[in-house]
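Throughout, protein chains are lettered first and strands after them, A, B, ... in sequence-line order, and every chain is numbered starting at 1. Heavy-atom basis, side chains included; hydrogens, waters and symmetry copies ignored. Computed from a prediction, not measured in an experiment: that's the story for all the values here.
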Protein chains: 2
Amino acid sequence: MDVTHVSETEPLGRLRKAGLRPTRQRLALARMLFSQGDRHVTAEQLRDEVAAEGARVSMATIYNTLHHFTRAGLLRHVVVDAGRTYFDTNTGHHHHFYVESEHRLIDIDGDTVRLASVPDAPPGRAIDSIDVIVRLKPDIRA
Amino acid sequence: MDVTHVSETEPLGRLRKAGLRPTRQRLALARMLFSQGDRHVTAEQLRDEVAAEGARVSMATIYNTLHHFTRAGLLRHVVVDAGRTYFDTNTGHHHHFYVESEHRLIDIDGDTVRLASVPDAPPGRAIDSIDVIVRLKPDIRA
DNA sequence: GACATTCATTAGAATTCTTCTAAATTAGCT
DNA sequence: AGCTAATTTAGAAGAATTCTAATGAATGTC
Ligand SMILES: [Mn+2]
Ligand SMILES: [Mn+2]
Ligand SMILES: [Zn+2]
Ligand SMILES: [Zn+2]
């Protein structure tokens, strides 16, 4: 494989930069995740997509990889629904709409939601992150 | 049983008002939930507490009841952690700190977090609710 | 390139949380 | 008391995720 010229945003470069060994499985998953704009995926979804491409990646590896990517800062873990874990390829500052009825996440630009006041963390603790989730239901009018 | 004078905040009154039959199990659960200030409980926690009081309530009933209470507006469902569902006895306007390391929720008064701007819902949808979760980690200093 | 070492992948079992099923019990009504 | 619908229950089933321990692959050294 020719690896002379590797952009940092290409799958291989991404893995290298994150200090992750570029295995066949990780490259396949990185391609699915990062080559089509921002996405919110579940492990199962990703497994199906990879399978559709003909690649075989075990569920254990899907989960391992998603967690590795998350620890490396390539993904962000989003919790909005019980019993369903989303991984977000958009790691920048932003929030979410959640369409309950479709189990679908939609990004809200970080600057669109402004917190006029943020509470102080209780003693001995520090703020790790702030999630704003705007839950949506079908509009009755319409 | 004398039911001539029942406050609406007593377990029996609460169930009546919500149109729920006051069974032995529901009364026991309502007592645990609503007689000690605002709480964030999991099904398992509640099962253990009820068991400690000598009452036997099946897991199926715990879940059924928590969902009934939630539909009736007596509880609020809080999603902050994958694979762990909290039920909140505080149904008023407020947000949450979440102490990841202890799996513990702390209320933030509704007015303490002010959203300076809230995005419009996408066409065909309406805002159902807005959750603000401030995730906490141990403070490094200290 | 061969070898050694470390890390990654995998199938399947196991775990955890929650829901379902279908039978037995109970509350509310007359 | 007797009727009916709602409720409870044990245990099975389901769904998502993690674990295990054996196999395979990437990387560094000679
Ligand atoms: Mn859902
Ligand atoms: Mn947790
Ligand atoms: Zn996002
Ligand atoms: Zn609360």
Side-chain angles (χ1 to χ4, degrees), chain A residues 1-3 6 11-30 32 40-48 50-51 54-72 74-75 77-87 103, chain B residues 1-4 6 11-30 32 40-48 50-51 54-72 74-75 77-87 100 103:
Chain A
M1 197 188 318
D2 177 7
V3 285
V6 182
L12 187 55
R14 240 178 237 271
L15 295 180
R16 283 267 162 71
K17 194 178 167 200
L20 296 167
R21 286 192 184 177
T23 65
R24 179 165 38 267
Q25 292 86 343
R26 286 175 182 172
L27 285 168
L29 295 174
M32 294 301 318
H40 305 100
V41 301
T42 62
E44 198 191 2
Q45 221 175 93
L46 196 54
R47 189 263 318 266
D48 293 349
V50 165
R56 286 177 309 299
V57 183
S58 72
M59 264 335 252
T61 296
I62 304 258
Y63 278 107
N64 288 343
T65 302
L66 287 170
H67 290 143
H68 277 126
F69 284 10
T70 300
R71 265 176 261 134
L74 268 38
L75 292 176
H77 202 206
V78 180
V79 179
V80 287
D81 197 345
R84 194 178 299 268
T85 301
Y86 293 91
F87 292 87
H103 290 148
Chain B
M1 198 188 321
D2 177 6
V3 286
T4 337
V6 182
L12 187 55
R14 243 178 234 271
L15 295 180
R16 284 265 162 72
K17 193 177 168 199
L20 296 167
R21 285 194 184 176
T23 65
R24 178 167 36 265
Q25 293 85 344
R26 286 176 182 170
L27 285 167
L29 294 174
M32 295 302 319
H40 306 101
V41 301
T42 63
E44 198 190 3
Q45 219 174 94
L46 197 53
R47 190 265 315 268
D48 292 348
V50 164
R56 286 177 308 298
V57 183
S58 72
M59 262 339 248
T61 296
I62 304 259
Y63 277 107
N64 287 342
T65 302
L66 287 170
H67 290 142
H68 277 127
F69 283 9
T70 301
R71 266 177 260 132
L74 268 37
L75 291 175
H77 203 209
V78 180
V79 180
V80 287
D81 198 345
R84 195 179 298 267
T85 301
Y86 294 90
F87 292 87
E100 300 261 18
H103 291 147

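Taking 4.0 Å as the cutoff to heavy atoms of chain B, we find the contact window on DNA chain C bounded by C:dC17 to C:dG28.
For CZ of A:R71, the number of neighbouring non-hydrogen atoms (other residues, nucleotides, ligands) closer than 6.0 Å is greater than 12.
Comparing A:T23 and A:T85 against DNA chain D, the residue whose closest nucleotide sits nearer the 5' end is A:T85. Nearer to the 5' terminus of DNA chain C, by closest-nucleotide assignment, is the contact made by B:A43 (compared with the other of B:R21 and B:A43). Residue B:E44 is the one, among B:E44 and B:R24, whose nearest nucleotide of DNA chain C lies closer to the 5' end (criterion: closest heavy atom).
Here the closest heavy-atom approach between residue B:L74 and residue B:R14 is recorded as CD2-O, 4.4 Å.
Between B:H103 and B:D81 the shortest side-chain heavy-atom distance falls below 4.5 Å. Residues A:R26 and A:L20 form a side-chain contact, since some pair of their non-hydrogen atoms from C-beta on lies under 4.5 Å apart.
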Evaluation steps, side-chain contact (heavy atoms from CB on, under 4.5 Å), between A:Y86 and A:T42: CA-CA 5 Å; A:Y86 293 91; A:T42 62; 3.8 Å; yes
side-chain contact (heavy atoms from CB on, under 4.5 Å) assessment of A:I62 paired with A:L29: CA-CA 8 Å; A:I62 304 258; A:L29 295 174; 3.9 Å; yes
CA sep, side-chain torsions, deciding dist, call: B:H77, B:F87, side-chain contact (heavy atoms from CB on, under 4.5 Å): CA-CA 5 Å; B:H77 203 209; B:F87 292 87; 3.6 Å; yes
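At a non-hydrogen distance threshold of 4.0 Å, A:R56, A:V57, A:S58, A:A60, A:T61, A:N64 from residues 56-69 of chain A come into contact with DNA chain C.
Expressed to the nearest 0.5 Å, how far CZ of B:R47 lies from CE of B:M32 amounts to 13.5 Å.
With rounding to whole Å, A:H77 atom NE2 is found 13 Å from D:dT18 atom C1'.
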